S.K.: 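Dumping the structure here so I can ask a few things about it.
Just so it is clear, the structure is predicted and the values come from calculations on it, not from any experiment. The sequence lines fix the lettering, A, B, ..., with proteins before strands; numbering per chain opens at 1.
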2 protein chains.
Amino acid sequence: MNEIDWAQRRVVIEPRAWAEALGRFREVVGAQHVITDDGALQALGRATVPGARSPSAVVYPGSADEVAEVVKTASVFGIPVWPCSKGRNWGYGSATPFLGDTVLLHLERLNRIIEVNEKLAYAVLEPGVTYRQLKEHLDRHHPSLWCDCSDGPPDGSVVGNALERGLGVTSYNDHFGTLCGLEVVLADGSKVRTGGGEPGHCHTWNTHKWGLGPYLEGLFSQSNLGVVTKAGVWLLRRPEAFVSFTFDLAREVDLPRMIDIIRELTLRGVLAPGTHVVNDICALSVVSQYPRDLVGKCSRLPDDVVREMCARLTVPRWAFGGGIMGTHGQVRAVRAELIRSLRGLGRLTFITDGRVRVLEAFGALVDASKQMPIAHRTLGSIFRALTGKSMELLPLAPKVHSVMKGQPSDYFVRHAYFKSPLPKPEDAHPDRDDVGGIWFAPIVPCTGDHVTAMLELCRPLFEYYAFDFYAALLMQNSRSMIVLMSIFYDKGNTIETARAQTLYDALSAKTRLAGYQTYRTGTQGMAGLYKSAPEFAALVRRLKHALDPAGVLAPGKTPP
Amino acid sequence: MNEIDWAQRRVVIEPRAWAEALGRFREVVGAQHVITDDGALQALGRATVPGARSPSAVVYPGSADEVAEVVKTASVFGIPVWPCSKGRNWGYGSATPFLGDTVLLHLERLNRIIEVNEKLAYAVLEPGVTYRQLKEHLDRHHPSLWCDCSDGPPDGSVVGNALERGLGVTSYNDHFGTLCGLEVVLADGSKVRTGGGEPGHCHTWNTHKWGLGPYLEGLFSQSNLGVVTKAGVWLLRRPEAFVSFTFDLAREVDLPRMIDIIRELTLRGVLAPGTHVVNDICALSVVSQYPRDLVGKCSRLPDDVVREMCARLTVPRWAFGGGIMGTHGQVRAVRAELIRSLRGLGRLTFITDGRVRVLEAFGALVDASKQMPIAHRTLGSIFRALTGKSMELLPLAPKVHSVMKGQPSDYFVRHAYFKSPLPKPEDAHPDRDDVGGIWFAPIVPCTGDHVTAMLELCRPLFEYYAFDFYAALLMQNSRSMIVLMSIFYDKGNTIETARAQTLYDALSAKTRLAGYQTYRTGTQGMAGLYKSAPEFAALVRRLKHALDPAGVLAPGKTPP
């Protein structure tokens with residue numbers, strides 16, 4: 001292995017080994033699929049997190065066998081490779097490696113939908129397949145199937161997101177939980193199918209999650225023990241009936257109670273865990289833009305500005321939403337129970353396909369009226385009188401409704417541009433547009449007490465370091481909630497960038513000391529991995545040594 | 001490591017190492033907890049499967065630290081140890097080791113319920129805790145919680161069953177799927193907590209299944225890579241409403257259609273996957289006894305006898321049952337959908353708490369009438385006229401109803417005595433009573449076609465080798481079905497015993513060639529493990545070597 005400077009996050013590669021390996025990579029994948037051009041490397045070295053490193057080369061294999069050959073070569077020469085599926089890991093480091101000067105193993109050419117089994121409701125995908133691609137494929141060829149998606153980038157990788165344990169919005173929200181049957185390339189270039197028998201001949205490869213013997217798929221999730229080149233992904237049967245809903249909490253003091261109610265609703269099988277709770281800053285970032293006059297001047301919105309914006313835009317302190325699927329009878333029963341459980345706590349709104357059509361027609365009217373200020377204002381007043389909502393929230397309900405059906409959308413991703421000097425673009429791409437954002441994602445037991453404790457641990461640090469307190473509460477399962485916080489910062493401002501990293505580190509340390517784990521870490525947090533779990537770290541190290549003795553796969557993703 | 005003869009399933013232990021290790025075991029756990037008495041060893045070496053081996057010593061540690069010390073000592077001296085939780089792994093080898101002459105590491109003294117978290121609905125258990133013990137504890141102290149259970153032995157280990165990936169009968173039927181947070185002793189005596197942070201200080205240890213970084217709990221399931229000494233187990237919130245049901249299929253030709261309907265009902269979230277389908281022999285083994293005059297004379301019931309018994313006892317060729325939980329509205333909706341989906345295919349019966357009370361009262365009346373033949377017969381006729389069922393089935397509905405609520409019971413286990421010369425005992429213990437039985441458990445995609453194909457592959461072999469064709473179809477999840485077959489045989493008859501093993505081997509080979517995997521294997525099948533998955537076997541071997549270089553933990557449970 002070449003020399004690694006962990007503190008500086010750099011690796012010094014011996015030039016002869018580098019030249020030899022690059023030559024071999026070109027032979028394997030074709031010279032046109034090995035990129036060493038500075039501009040391209042810099043573009044791929046951009047990420048919304050601070051301290052992103054550029055790779056020294058990018059290799060785009062076109063098949064699992066090519067991946068195997070590349071990885072084997074890297075092992076021989078001790079060249080670190082950083083696999084990435086689509087590179088849309090925004091807020092966690094995108095495509096960028098932990099160590100600079102390594103080879104980016106970009107899997108976006110592996111973008112085949114190998115199989116869709118309609119009867120058994122699963123697909124077998126390569127890691128380059130995106131949510132958008134899968135959804136379009138299903139809509140066209142298999143309308144009886146729905147996929148889950150996140151409210152993240154539509155061009156993100158379905159498999160990559162699941163391996164990093166991303167979350168969605170339906171009962172299949174735990175994306176890793178819906179993977180079944182992996183093909184994995186190990187560091188020595190050998191190929192293994194987990195959970196199944198003979199390649200292609202084990203009928204239950206993609207239906208029986210655990211397989212016979214030890215269940216090994218977990219080894220390849222949030223880790224650097226292998227490169228997944230194919231995965232089975234379970235899909236949803238299109239339901240007979242579907243309704244989505246939003247709930248605006250009337251009084252912030254009821255937040256813990258609301259969390260406990262949500263937990264009970266999911267434990268009891270009334271709601272699916274794909275429920276998202278959002279705070280005011282989170283909602284504002286989706287439906288509005290940072291006041292123009294404050295951009296670049298003020299890293300944190302003054303409280304009175306937040307209050308004014310919330311009042312004007314009718315954004316509550318806390319809200320949550322979700323989808324309900326089932327037979328008509330089941331959906332009716334769930335609606336009734338939701339109404340009963342949330343009575344007196346705020347405003348519950350159900351969104352049906354019919355309501356969406358009305359809202360969309362109204363939206364078209366509003367758009368058409370933009371040149372006629374009086375008509376426009378009148379429509380706004382009518383909308384507010386009918387719904388209690390500001391016109392700015394008009395697009396929200398249809399977008400919530402469709403994402404809960406597994407329809408990916410750029411709409412929610414654009415929240416990343418909240419503080420950007422750029423207006424929100426149609427095709428959100430925060431890396432390209434130099435947007436600054438870090439996800440900090442601790443996970444807590446799903447109780448009002450724990451959620452409140454976590455918010456109270458973190459909010460003062462956001463205030464102290466002068467950043468807006470964005471919080472979204474995502475149920476990982478009925479018993480756990482991810483308290484997802486985003487640090488929006490100005491990447492052009494080096495002092496603010498350093499402060500954002502300092503806030504991240506302070507949040508990590510404070511919450512770790514209080515006994516909380518993060519659910520996922522980006523490159524900006526990997527140096528502190530498993531600080532509180534030394535025995536676990538030792539076990540991971542033993543496994544790493546057994547499967548990748550040269551340590552070439554994604555160094556830094558597990559503790560060295 | 002001492003010399004192993006894999007073909008003979010024996011290990012030759014060097015006498016000095018043996019004496020040294022035993023001495024140390026006695027120091028660690030106390031001399032009274034190390035058993036080398038021949039009678040006791042032979043009792044623990046009994047299993048319902050052929051070829052069971054007796055251990056050479058049994059060690060009963062009282063804590064995880066003692067487990068660690070025992071395992072560490074075994075590693076030093078190369079002495080194989082076979083961990084078992086309660087030893088109720090009936091049909092798969094019970095407590096017996098794969099290799100004779102090894103040390104049985106019996107964990108039944110580790111029987112503490114460490115914690116029950118009522119709000120978050122989980123318990124932390126040691127491996128010696130039984131279903132009966134957990135259920136009684138919950139009923140007494142935490143009535144808002146239900147546990148899942150299997151229809152297997154009430155004194156089986158909750159954790160052991162989950163680690164072996166046993167199945168239950170509710171939406172939590174996938175027992176391994178409900179484990180969250182393990183404490184594991186590795187072969188070198190080190191202790192690790194998976195999925196969590198610092199021992200005792202990671203709040204989500206038992207709520208966030210995957211933890212941060214690679215998910216490693218799967219390594220310790222159906223494997224020999226560590227000894228689990230503590231585990232979090234998710235529990236069910238007691239539902240507002242509960243109804244169970246049974247369905248008798250009218251025509252055998254509709255079996256594939258029924259399977260497809262069940263799959264769709266579970267994929268659509270109408271039914272929980274804990275659904276069991278049973279054939280005639282399976283049902284007969286539960287509600288009746290092999291005709292006395294044929295016991296010991298005839299290893300397979302003649303077809304006309306089966307037909308006569310089914311007609312007399314009103315047992316259908318195929319039936320299935322399940323439970324429905326939720327709000328009253330949800331349960332109503334599910335009932336309506338079940339009626340709609342199964343219309344015209346057979347007889348659907350719902351069982352409520354009220355109906356169970358009526359049946360029990362009727363049962364008491366029947367019992368009281370036993371001395372009055374005419375009254376007794378009259379009651380039987382009344383029962384048959386009202387329900388269409390024979391009096392022998394009277395206890396069935398209440399037992400189905402209560403097991404679906406997670407109430408463990410000996411009732412179903414007693415089916416093992418179907419062919420035994422003994423009457424079914426109150427406390428079923430097939431090992432003690434020398435009952436012969438092997439589970440063969442291939443898993444197939446949950447479609448009518450695959451289930452039929454599997455039945456058609458196996459049935460002729462059962463006929464050829466002259467054994468009754470017992471089949472129960474257990475949904476592992478919405479997409480996979482375990483076609484569980486039991487080979488009932490007479491253990492006292494060596495020729496029949498050999499034939500039972502031959503049948504098992506023939507079933508294994510035939511189904512493997514057809515591309516099917518078994519879901520679980522007992523000691524009688526471990527020699528053929530992973531025959532069709534050499535790359536997977538190689539990966540497991542590498543992990544085994546990394547974690548247990550001396551190979552002392554449960555040799556034979558993964559391929560050597």
S.K.: Is the closest basic N to carboxylate O distance between B/Arg193 and A/Glu535 below 4.0 Å?
M.R.: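 Looking at A/Glu535 together with B/Arg193, the answer is no, because their closest N to O distance does not fall below 4.0 Å.
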S.K.: Quick one: of A/Ser190, A/Gly329, A/Gly211, A/Cys446, who has the most non-hydrogen atom pairs under 4.5 Å with chain B?
M.R.: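 Between A/Ser190, A/Gly329, A/Gly211, A/Cys446, the count favours A/Gly211.
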S.K.: For chain B, find which of A/Glu264, A/Met481, A/Glu164, A/Lys531 contributes the most heavy-atom pairs closer than 4.5 angstrom.
M.R.: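 The residue among A/Glu264, A/Met481, A/Glu164, A/Lys531 with the greatest pair count is A/Glu264.
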S.K.: Under a 4.5 Å heavy-atom cut-off, does chain A meet the side chain of B/Lys191, its backbone, both or neither?
M.R.: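 When you check distances to chain A, only backbone atoms of B/Lys191 fall under 4.5 Å.
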S.K.: Of the listed residues (B/Asn224, B/Asn206, B/Leu267), which shares the most heavy-atom pairs with chain A below a 4.5 Å separation?
M.R.: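 Of the candidates given, the most pairs with chain A belong to B/Leu267.
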S.K.: A/Thr518 versus chain B, heavy atoms under 4.5 Å apart: side chain, backbone, both or neither?
M.R.: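 The answer is both parts of A/Thr518.
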S.K.: Heavy-atom distance under 4.5 Å to chain A: side chain of B/Glu240, backbone, both or neither?
M.R.: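 Side chain of B/Glu240 only, per the 4.5 Å heavy-atom cut-off to chain A.
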S.K.: Taking every heavy-atom pair that is under 4.5 Å apart, which of B/Thr558, B/Thr194, B/Leu225, B/Leu547 has the most such pairs with chain A?
M.R.: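 So the answer, after comparing B/Thr558, B/Thr194, B/Leu225, B/Leu547, is B/Leu547.
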S.K.: Report the option among B/Asn117, B/Val270, B/Leu186, B/Val334 that has the most heavy-atom pairs separated by less than 4.5 Å from atoms of chain A.
M.R.: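 When all of B/Asn117, B/Val270, B/Leu186, B/Val334 are compared, B/Val270 has the most.
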S.K.: Do B/Leu212 and A/Phe536 touch side chain to side chain, with heavy atoms closer than 4.5 Å?
M.R.: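 No, every pair of side-chain atoms sits at 4.5 Å or beyond.
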S.K.: Are A/Cys202 and B/Arg512 side-chain neighbours, meaning at least one heavy-atom pair lies under 4.5 Å?
M.R.: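 The answer is no, as the side chains (C-beta and beyond) never meet within the 4.5 Å cut-off.
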S.K.: Heavy-atom pairs under 4.5 Å with chain B - which of A/Ser221, A/Pro445, A/Gly326 has more of them than the others?
M.R.: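 Of the candidates given, the most pairs with chain B belong to A/Pro445.
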S.K.: Would you say that B/Arg263 contacts A/Lys119 through its side chain, given a criterion of any heavy-atom pair below 4.5 Å between the two side chains?
M.R.: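 The answer is yes; the side chains approach within 4.5 Å.
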S.K.: Compare every heavy atom of A/Leu216 with every heavy atom of B/Leu219, then report the nearest pair and how far apart it is.
M.R.: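 That would be CD2-CD2, 3.5 Å.
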S.K.: Among the options B/Arg165, B/Gln330, B/His328, B/Gln476, pick out the one with the most heavy-atom pairs lying under 4.5 Å from chain A.
M.R.: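 Ranked by contacts with chain A, first place is B/Arg165.
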S.K.: Tell me which of these, A/Arg332, A/Arg238, A/Arg520, A/His450, has more heavy-atom pairs under 4.5 Å with chain B than the rest.
M.R.: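 Counting heavy-atom pairs under 4.5 Å, the top option is A/His450.
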S.K.: Taking the side chain as everything from C-beta on, heavy atoms only, tell me whether B/Val184 gets closer than 4.5 Å to A/Leu539.
M.R.: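 Answer no - side chains too far apart.
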S.K.: Just wondering, more than 12 heavy atoms not from A/Arg257 lying within 6.0 Å of its CZ?
M.R.: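 No - once you tally the heavy atoms of other residues, nucleotides and ligands closer than 6.0 Å, there are 12 at most.
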S.K.: Counting heavy-atom pairs under 4.5 Å to chain B, which of A/Gly213, A/Ala336, A/Ser223 comes out on top?
M.R.: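 Most pairs with chain B among the choices: A/Gly213.
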S.K.: Checking an interface table here. Which of residues 171-179 of chain B come within a heavy-atom distance under 4.5 Å of chain A?
M.R.: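 So far as heavy atoms go, B/Tyr172, B/Asp174, B/Phe176, B/Gly177 are the residues that approach chain A to under 4.5 Å.
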S.K.: Measure B/Leu235 against the heavy atoms of chain A and call it side chain, backbone, both or neither at under 4.5 Å.
M.R.: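 Backbone only.
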S.K.: Using non-hydrogen atoms and a 4.5 Å limit, figure out which bit of B/Ile482 sits close to chain A: side chain, backbone, both or neither.
M.R.: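 Neither; nothing under 4.5 Å.
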S.K.: Holding to side-chain contact (heavy atoms from CB on, under 4.5 Å), I want the full list of residues that pass it with B/Asn477, two or more places apart in sequence or in another chain.
M.R.: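 Only A/Trp234, B/Arg479, B/Ser480 meet the side-chain contact (heavy atoms from CB on, under 4.5 Å) criterion with B/Asn477.
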S.K.: For A/Leu163, which atoms come within 4.5 Å of any heavy atom of chain B: side chain, backbone, both, or neither?
M.R.: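 Neither; nothing under 4.5 Å.
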S.K.: Can you tell me which portion of A/Val444 sits under 4.5 Å from chain B's heavy atoms? Options are side chain, backbone, both or neither.
M.R.: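 Backbone of A/Val444 only, per the 4.5 Å heavy-atom cut-off to chain B.
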S.K.: What part of B/His545 is in contact with chain A, defined as an atom under 4.5 angstrom from a non-hydrogen atom: side chain, backbone, both or neither?
M.R.: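 Contact with chain A is absent: no heavy atom of B/His545 under 4.5 Å.
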S.K.: Quick check: do B/Pro214 and A/Leu543 have side-chain heavy atoms less than 4.5 Å from each other?
M.R.: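 Heavy-atom side-chain distance check fails, nothing below 4.5 Å.
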S.K.: Do A/Asp188 and B/Arg542 have side-chain heavy atoms sitting under 4.5 Å apart?
M.R.: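 Yes, their side chains come closer than 4.5 Å.
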S.K.: Closer than 3.5 angstrom, by distance alone: can the side chain of B/His203 be matched with the main-chain N or O of A/Ala514 as a donor-acceptor pair?
M.R.: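 The answer is yes, because a donor-acceptor pair under 3.5 Å joins these two groups.
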S.K.: Counting heavy-atom pairs under 4.5 Å with chain B, which one of A/Tyr530, A/Tyr516, A/Trp210, A/Phe220 comes out on top?
M.R.: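 Most pairs with chain B among the choices: A/Trp210.
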S.K.: Check each atom of A/Thr521 against the heavy atoms of chain B and say whether the ones under 4.5 Å are side chain, backbone, both or neither.
M.R.: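 For A/Thr521, backbone and side chain are both near chain B.
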